[in-house]
Amino acid sequence: MFERINKWNLIIFFVVVVLLIGSIFFLWMKTNMEVRSVVEEQYQNQQLLLTKQAASSIERSLVEKILLIEVIAKKESGIPPDNFASDMKSVHDVAGLFYVIEFVDKNGTIVAGYPEEHVPYDYNLYEHGQYSAFERVRASGKVYITDPIELIEGNYGSFVWFPVFQNGVFSGAFIAIIEETELKRSYVVESGTSDHAYLIDGRGRFLYDESGRYERGSHYVDILSLDTSGMGSIIAEQMNGTAGSGKFFVYASDGFVVEDRLVSYVPINWYNQRWSLAITSPASKVDELIVPVYVKLFIVAVVSVIFIVFVSSLIFLILFNWNKSLENEVDEKTRELKVSNESLIDANKKLKELDRLKTEFLSIVSHELKTPLTAMKTSSEFLRENDVYDASLKNQMLDIIIRNIDRQARMVDELLDVSRIESNRMKFRADQVNIEDVIVGALEILDASIKQKEMEVIIHTPANLPLVITDKDKLVQVFVNLLNNAVKFSNQKGTIIINVKEEKEFVKISITDKGSGMNNWELENIFDKFYQIDSTSTRRFGGSGLGLSIVKGIIEGQGGKITVQSELGKGSTFTFTLKRG
Amino acid sequence: MDEDNISGKILSLLEEDPGMSAGEISKTLSISIAVVEKTLEKMTDTREKVLIVDDELDALVSLKIALEAEGYNVVEAKNGHDAMEKVQLEIPDVILLDLMIPGIDGLEVCRQLKSDDLYRHIPVIMLTARGEIDDKVEGIELGADDYVTKPFNLKELKARIKMILRRNIDM
């Protein structure tokens, strides 16, 4: 029963445990994702801040430097005789950003500049067809900055054009070339080493890419090639001049994601130039930040799982043991109940048997007492009613009466003995008794019946037979009863053997006959009250059936033992013990 | 040669020659004169026959003496089997049946008699030392005609026997 229920219990139990563990890992994953998104957001905010800082510093520095030139360009004093040569020198030295500062006169000829080694003196813009920017600033009167252009020297630089007006009349322009390397220095240094920065202009062209993935001047259209995703929209945002953050993936040629990068971008407005600075960093940097958190959460999850497994096994063990001990207890109780039930049934049986025996005893006693009374009454009434002249008939009737009176008296004595034995009230005198005397006495009482059957009685007694402590009269009664039985159940000319021997503190006496013997059932009941070997035996052999039960009572009442051995058709041996004197 | 046969043969001899003496009959049938005389006596006994069934010899003997003095022909049986045999052999006019007898007990003897068409008519008076009412009821149910408890009053018993015999004759 337990096995079947337990199997299902076990399955349900394990399902619950597995669900618990599963939910813990689910929560762990979910928490990881949430933590990741929070950390990523934070990281990107920080990155954006950093980018903003870098962008604004670039912007400020560029604007500042250019302001210096604007200041001299707007001098009211007019073009100095040295064509601003000294001003340009001081600006260059102060700013430290410019590759070269040159002054172009109103005819488009470079007339002055600093540092002088970089100045192509007398270079006429018109002659070389490089006048568009010059024309533009003359027309607009505003500072104009070109896209970075490859310089004659081979490197890149932006040309900043400053128109110079004297009393409202265009009188020339400054050209300041900012070398890109100068520009780079400011933000590359500021952005972290592991991060990459890139700079695009307002048309989506790469001015600089620290990672080196993209060529200078490569267009964003090229970038929307297959090896990245998500970058296109970022570049679009950058071209719109907004600040923000995003994420893009870099693919390997086989289509797998090599890495995902977080990017923050901030516009740089520098006069007419609309640039956008972006700083990218690998998403793995976020992971680096999160991994310890992951590990800690994982440890928590594992500890929880271990705890659950431990607690559940504990519960399981407790339940299992409890169940088992309960079952054992039930088994034990069932067994006890069974035993007590059996003993009750047994006791009931014994009580019923006792009740039956009691009823039987009463009815036998009643019969045994009334039978001699009947004979006496019939005989005496007959004698009274009839004048009996026949002496022999009269004597016969009187004999019947006397015989039955004796029988009645004997019966009453025996009943009294039985009653005393049963209530332990039988009193024994402690005489020093010589057994041989007792045997002789008993044989004298039975002399008539022994002679009638012509029986031989053989007595074996050891020399120096000790005296025994017993009630002499009752011992005589024992011998008479046992010998009387032996005579009764023996055949004509039978033999009775009386054997007496010492055994430790006892004297053992056995009386053996070669008579009819008994079967097992008779042997078992031989000492019961009123038991007679078949109910006819009382009549056939005389006796009330109380004799042996009285003998047993007398022997056991004095601390002895009585046993019987018998074989049907071969005779019986009664053996009893008496205490030595 | 059993008793029935003997009595039957004696009867047929006497039919042929009513004056035949016991000695002659004994010679003719080659049986002892004593047996012939006994059989003749039995055959001519007109007394009512009482069968007493009791295993207690003293009670049996005293009752037998008392009833014989009263003029009954008393037959005795000491146990159940003996009783059944005697009933078939003697066909008594009344049976005094002790309940506690060896072999088949009194109740069983009574039941067997009352279930047998041949012997159902024989009245049975139950004698028992047991005075319990249950025994009485059981005895009557089995067809015992009367019931006397031991030790009984001799006068009462004789009166009951007489009454039962008269009732039987009336029927």
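The chains referred to below are lettered A, B, ... by the order of the sequence lines, with proteins before strands, and numbering in each begins at 1. Heavy-atom basis, side chains included; hydrogens, waters and symmetry copies ignored.
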Exercise for review: Report the C-alpha distance between B:Lys150 and A:Lys377 in whole Å, list the side-chain angles of each, state the deciding distance to 0.1 Å, and finish with yes or no for side chain to side chain contact (heavy atoms under 4.5 Å, CB included).
Suggested key: CA-CA 10 Å; B:Lys150 280 177 171 181; A:Lys377 192 166 182 179; over 6 Å; no
Check your understanding: Around atom NZ of B:Lys114, are there more than 12 heavy atoms of other residues, nucleotides or ligands at under 6.0 Å?
Key -> yes
Point to revise | chain A-proximal positions within residues 63-82 of chain B [heavy-atom distance under 4.5 Å] | key: B:Leu63, B:Ile65, B:Ala66, B:Ala69
Review point. Can you list the steps and then say if A:Arg407 with B:Glu56 is a salt bridge (charged side-chain N to carboxylate O under 4.0 Å, His left out)?
Key: CA-CA 12 Å; A:Arg407 181 176 163 183; B:Glu56 291 291 340; 2.8 Å; yes
Point to revise | Which residues share a side-chain contact (heavy atoms from CB on, under 4.5 Å) with A:Ile421, sequence neighbours left out | key: A:Met426, A:Ile550
Review point. Which pair of heavy atoms, one from B:Ser62 and one from A:Ala375, lies closest together, and at what distance?
Key: OG-O, 3.7 Å
Review point. Would the number of heavy atoms belonging to other residues, nucleotides or ligands and lying under 6.0 Å from NZ of B:Lys49 be above 12?
Key: yes
Practice item. Could you pull out all residues at least two apart from A:Phe574 that satisfy ring pair (Phe, Tyr, Trp, His ring centres under 6.0 Å)? Key: none
Point to revise | Closest approach of B:Phe152 to A:Thr378 (non-hydrogen atoms, all atoms of both residues) | key: CE1-OG1, 3.7 Å
Review point. Going through the checks in order, is the side chain to side chain contact (heavy atoms under 4.5 Å, CB included) test met by B:Lys158 and A:Glu381?
Key: CA-CA 12 Å; B:Lys158 286 193 285 196; A:Glu381 279 182 345; over 6 Å; no
Check your understanding: How long is the span from the CG atom in B:Asp98 to the OG1 atom in A:Thr371, to the nearest 0.5 Å?
Key -> 7.0 Å
Review point. Which bit of A:Leu393 comes within less than 4.5 Å of chain B, counting heavy atoms only: side chain, backbone, both or neither?
Key: side chain
Exercise for review: Begin from the C-alpha positions of B:Asp58 and A:Arg403 and carry the test side chain to side chain contact (heavy atoms under 4.5 Å, CB included) through to its verdict.
Suggested key: CA-CA 9 Å; B:Asp58 286 348; A:Arg403 201 159 52 231; 2.6 Å; yes
Point to revise | Partners meeting side-chain contact (heavy atoms from CB on, under 4.5 Å) with A:Val476 (sequence neighbours left out) | key: A:Val438, A:Ile445, A:Val480
